[in-house]
Amino acid sequence: MRHPSSLTFALLFCGVFGASSALASTMYRYKDDNGRMVMSNTVPSDATKHGYEVLNSQGRVVKVVPPAPTEEELKARAQAEQRKQAAERQREADEELLRIYSHPDDAVRALNRKLQERHSLVQLKRGNIAVIDSQLEEQQGKAADLERAGRKIPDNLKTRIERLQSQKRELEQEINKQDQETAKIRESYEAKIQRLEQITGESRTVELHTAETRATE
């Protein structure tokens, strides 16, 4: 086995010494809390708030470390990022909207169809309520006749009346819920139509119907 020569040891020593010297020759320039310029081979933690410069052995600036952002700057950056994300979401929403509707009139027609469908369902339920009202009036009339005659109302008659009243309440609740949903659908579509007018530069020409108006388009 060959042992390293003295020349090899000398080269290794010079390399280590040179690296140490280069490390030691690195200087930092910064301002202290009093605003005075300071040069040192170390950087205190407080100096990072104001930023500092890294100098080589010739005193030349090789790196500039900017000041740490202030609370206001961090807040401004966060707000800018939020605006950027909101703009990206809006862009994606616009692309999806244009994929479905090429013109505001397309969205108006879609809304009119939905309003007509929901109006038809409500009318059907109102028709059922009218039937129940007729049956209820008949059963309540029988009960009133019995009361006027001083006779006891049978339990099965009371049960029929209560069942009819319950069915009517349920239908009325369904209609009320459907009306609320219809209002939300209309509001959503009106926002889509308005946005389509903005991004296409076209105005709607089709009439926007109410829920009670039959769409002819």
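Since the model is a prediction, treat every value here as computed from it, not as a measurement.
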Can you list the steps and then say if S102 with D106 is a side-chain hydrogen bond (donor to acceptor under 3.5 Å, both in side chains)? CA-CA 7 Å; S102 60; D106 298 333; 3.0 Å; yes

Linking Ile, Leu, Val, Met, Phe, Trp and Tyr by side-chain heavy atoms under 4.5 Å, what else ends up with L124? none

Of all heavy-atom pairs linking L136 and I161, the shortest is CD1-O, 3.7 Å

Applying a strict under-4.5 Å side-chain criterion to I, L, V, M, F, W and Y, I'd like to know whether Y189 and V122 cluster together. no

N112 and Q116: side chain donor to acceptor below 3.5 Å: no

Any ion pair linking E162 and K158 (charged N to carboxylate O, less than 4.0 Å)? no

Salt bridge or not between R91 and E95? Use side-chain N to carboxylate O under 4.0 Å. yes

Should we count CD of Q79 as having more than 12 external heavy atoms under 6.0 Å? yes

Assess the side chains of E81 and Q85: does a donor N or O sit below 3.5 Å from an acceptor N or O? yes

Lys/Arg-Asp/Glu bridge criterion (N-O < 4.0 Å) met for D145, K142: no

Compare every heavy atom of S203 with every heavy atom of H103, then report the nearest pair and how far apart it is. CE1-O, 3.6 Å

Salt bridge between E96 and R99, side-chain N to carboxylate O under 4.0 Å? yes

Answer yes when E181 and R118 have at least one side-chain N-carboxylate O distance shorter than 4.0 Å, and no when they do not. yes

Salt bridge K63-E53, side-chain N to carboxylate O under 4.0 Å: no

